[in-house]
Amino acid sequence: NGCNSTKGTISATSKPIPAIPTASNKSRCGTGTLALSATPPSGATIKWYQGSTYKASGNSYTTPSISSTTTYTAKSVLDGCYSSGKSVVASVKAIPANPTTSDKSRCGNGTVTLSATPPSGATVKWYASGIYKATGNSYTTPSITNNTTYTAKSEKDGCYSGGKNVIAIVKALPANPTTSSKSRCGSGTVTFTATPPSGTSVKWYLGSTEKGTGNSYTTPTISSSTSYIAKSYNNECHSIGASVTATIKAIPANPTVVHNSRCGSGTVTLSATPPTGATIAWFEGSTEKGTGNSYTTPTISSTKIYTAKSVKDGCNSGGLSVTATIKEIPYMQITPNQEFCGLENNELTVTPIPSSAMIVWMKGGGTVYTGNSKPAEFTDYGVEDSYNVYASLNGCNSGTGTVSGIAKFKPAKPIVPSKSKFGEGSFTFDALTAQSDVTIEWLEGGTLLHAGESYTTGNLTNTKNYTIRACLLYTSPSP
C-alpha cells in the first residue's frame, strides 16, 4: 500500500551442469533382476530413475524382478546440479521352449545317435552331466555300455531352455543260440538246427542278408562250403550271432577193382585200390560187409555181386560192382576098364558132366591128349593102355580117375543056317563055332535075347531076323 520493507542483498551464483554418465544396456533371459551400472564424470554421483521416479543412488542399480524390457535413466549429480539422463535398457529376452526329442536305444555296447527338434529360430545344445558336448539337431554319443542320460537345450539369442533329458538306452543282447556246423558229400542242401535261449527265436543270415527264421534252416543247393550266422532275436535285439559252416566235402573217385572166382562153394577174396587218402568199404546191396583193400566173402555157393566204394572224410563214392564168381566143378562118368576086340580103331571114352567140360588125358605126369574120346594105343593083345584123366571146365578141374583099355583077340563069326516053315510056330537054331572058349549071344535088333549055343524062338507068325555073335572071354562081341 505504498509502504516498503528494508532492503536486502541477493547473490546469484552460476554452477556447471555435470556431464551425462556413461552406461550400457543390460539384458537377461526371462523374468528377474538386472544389475545396471553407470560411470559419472569426476566428482559427480549417479541417481537412477524409472520415468520421473527416483529409484536409487550409486554407480550400480539392481532392478526389481522384471518380466519385460524396461528403460531406466541414469543422471550425473554434481553440487546439486543434474545432468541430462542416460537411458539404460534392461532387456528381458524370452527363454526358448525345450526341443522335442525322445529316448533312443541300441542293442549292446556302442554309440547311439540322438536327435532333437528346437523351436523356430533356435538351435540345440547337448550336455552330459552339465558338460557341453555338441551343437546341432543330432548328437552321436561315444561308445557306451550302460544307459546314459543326456540333456538337449534350445538356445536362442543367448538364452537356453531348461533342457530336455533324453536317455541313450543300451539293451542287453540275448545269448547266442546253440548250434553246430553241418556237412554233406557233394553238392546239395544242408539243414542246420539251433536252440535259442528262452523267449527268443532264431534268424539265419548269409552275410548281412536274412535268409530264414525258425529253429531249423535248409540251405539252397550249394557246391562249395558256405558260412551262415544264427542269431537269437527277442523282438528287439539280435545276439552277436553264432557262425556255422555248411561244408561240402568232395566225393572220392571210385576205386579200381579186381574180380575173382573160385571153383565150387567157398570163400572168395576180392580186392580194390582206392584213390590217394581214401579207404574201401564193401557192400552187399545196401549192407556194409567190411572195410579194407580186400574183402573175403563168407562161404557162397553161387555167384554174388558186391560193391566196392571209396571212402574219404566220411564220403562214399558211387561204387563199382565186384563179382565173386562160383564156377561149376565138372565131374566124369568113367568106365575104368575098357575092353576092345582087335588092336586097331579103338577109342577109350570118358563122359564129362556137364558136356561142355573137356577130358584131359595124362600119362607119366604130362598131358598127352584132350577130348572125350582118345584113340587107344595098343601094342599087343592083353597089354593095357592106361591113363589118368580129369574133367576141366573154365579153369575148374574134377578129381583124377584112371581109365585102362585092353585089346582082346576077336573070335570068328559063328555059323547059323537060316530056317523056314509053313504056318506059324517056333524055331530052334544051333550055332556052330570053331572055338571052344566063346559064348554065343542071340540078339533081336540091339536087344540081347539069349546066351548059349542053341536058341528057340517064341511062336512066330511072320518072318524075323536075328543076330548071332561070338564073344571071347567077355570081350566086345564079334560082328
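Since this is a predicted model, take the numbers as computed values, not measurements.
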Do the non-hydrogen side-chain atoms of [X] and [Y] ever get within less than 4.5 Å of each other?
X: Leu206; Y: Thr226; result: yes
X: Thr31; Y: Ser65; result: yes
X: Val389; Y: Ile334; result: yes
X: Asn215; Y: Pro196; result: yes
X: Thr141; Y: Leu114; result: yes
X: Pro336; Y: Thr402; result: no
X: Thr123; Y: Pro118; result: no

Could you verify whether a donor N or O on one side chain and an acceptor N or O on the other, from [X] and [Y], lie under 3.5 Å apart?
X: Ser404; Y: Ser386; value: yes
X: Thr191; Y: Thr218; value: yes
X: Ser154; Y: Asn98; value: no
X: Thr140; Y: Thr113; value: yes
X: Thr349; Y: Ser373; value: yes
X: His238; Y: Tyr205; value: yes
X: Ser239; Y: Asn176; value: yes
X: Thr457; Y: Ser426; value: no

Take atom [atom1] in [X]; do more than 12 heavy atoms of anything else shown fall under 6.0 Å from it?
X: Ile240; atom1: CD1; answer: no
X: Tyr331; atom1: OH; answer: no
X: Lys312; atom1: NZ; answer: no

Who passes side-chain hydrogen bond (donor to acceptor under 3.5 Å, both in side chains) against [X], sequence neighbours left out?
X: Ser261; answer: none
X: Asp157; answer: none
X: Glu444; answer: Lys464
X: Glu284; answer: none

To check you understand the geometry: which heavy-atom pair defines the closest contact between [X] and [Y], and what is its length?
X: Glu328; Y: Pro330; answer: O-CD, 3.5 Å
X: Ser321; Y: Val257; answer: O-CG2, 4.1 Å
X: Asp380; Y: Leu343; answer: C-CD2, 3.5 Å
X: Ala230; Y: Thr179; answer: CB-CG2, 4.4 Å
X: Asn254; Y: Gly319; answer: OD1-N, 2.6 Å
X: Ser180; Y: Phe192; answer: O-CD2, 3.7 Å

Worksheet entry | Lys/Arg cation over aromatic Phe427: Lys419, 6.0 Å, 45° cone |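 Pair Lys419/Phe427 does not count as cation-pi.
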
Practice prompt. Let me see the working for Leu393 and Ser356 under side-chain contact (heavy atoms from CB on, under 4.5 Å), right down to the final yes or no.
Written response: CA-CA 7 Å; Leu393 178 65; Ser356 55; 3.6 Å; yes

Sub-3.5 Å donor-acceptor pair from the side chain of [X] to the main-chain atoms of [Y], do we have one?
X: Ser225; Y: Ile248; value: yes
X: Thr148; Y: Asn146; value: yes
X: Asp103; Y: Val166; value: no
X: Ser310; Y: Ala253; value: yes
X: Ser181; Y: Thr245; value: yes
X: Lys327; Y: Asn394; value: yes
X: Asn165; Y: Thr151; value: no
X: Thr303; Y: Ile326; value: yes
X: Lys164; Y: Thr101; value: no

Worksheet item: For residues 176-223, which residue pairs qualify under disulfide (SG to SG under 2.5 Å), counting only residues two or more places apart or in two chains?
Response: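 Sorted pair list: Cys185-Cys315.
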
Discussion item. I need the full list of disulfide (SG to SG under 2.5 Å) pairs touching residues 96-175, with sequence neighbours left out, sorted by first then second residue.
Written reply: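 The answer is Cys29-Cys159, Cys107-Cys237.
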
Non-neighbouring partners of [X] that pass side chain to side chain contact (heavy atoms under 4.5 Å, CB included), sequence neighbours left out:
X: Pro197; result: Ala175, Thr200, Ser232
X: Ser105; result: Ile169, Lys171
X: Glu424; result: Asn459, Thr461

Practice prompt. Please lay out, stage by stage, how Ile440 and Ile468 fare under the test side-chain contact (heavy atoms from CB on, under 4.5 Å).
Written response: CA-CA 7 Å; Ile440 302 301; Ile468 302 93; 3.4 Å; yes

Measure the [atom1]-[atom2] distance between [X] and [Y] for me, rounded to the nearest 0.5 Å.
X: Ile406; Y: Phe340; atom1: CD1; atom2: CZ; answer: 11.0 Å
X: Trp442; Y: Arg469; atom1: CH2; atom2: CZ; answer: 13.0 Å
X: Lys374; Y: Leu348; atom1: NZ; atom2: CG; answer: 7.0 Å

Discussion item. Under the ring-ring contact (aromatic ring centres under 6.0 Å, His included) definition, can you give me all pairs with a residue in residues 256-280, not counting sequence neighbours?
Written reply: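 Qualifying pairs: none.
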
Worksheet item: Is there any ring-ring contact (aromatic ring centres under 6.0 Å, His included) pair reaching into residues 145-191, and which pairs are they, with sequence neighbours excluded?
Response: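 Non-adjacent pairs meeting ring-ring contact (aromatic ring centres under 6.0 Å, His included): Tyr139-Tyr150.
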
Item to complete: Quick one: do Ser294 and Ser271 satisfy side chain to side chain donor-acceptor pair (under 3.5 Å)? Show the steps, please.
Response: CA-CA 4 Å; Ser294 65; Ser271 62; over 6 Å; no

Discussion item. Can you classify the ring geometry of Tyr132 versus Tyr127 as parallel (below 30°), tilted (30 to 60°) or perpendicular (above 60°)?
Written reply: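 If you compare the ring of Tyr132 with that of Tyr127, the planes turn out perpendicular.
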
Worksheet item: Please, which pairs that meet side-chain hydrogen bond (donor to acceptor under 3.5 Å, both in side chains) have at least one residue in residues 358-371, sequence neighbours excluded?
Response: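 Listed by first then second residue: Lys363-Asp385.
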
Fill in: Audit row: Trp282, Val322, side-chain contact (heavy atoms from CB on, under 4.5 Å) steps and yes/no
CA-CA 9 Å; Trp282 298 88; Val322 192; 3.9 Å; yes

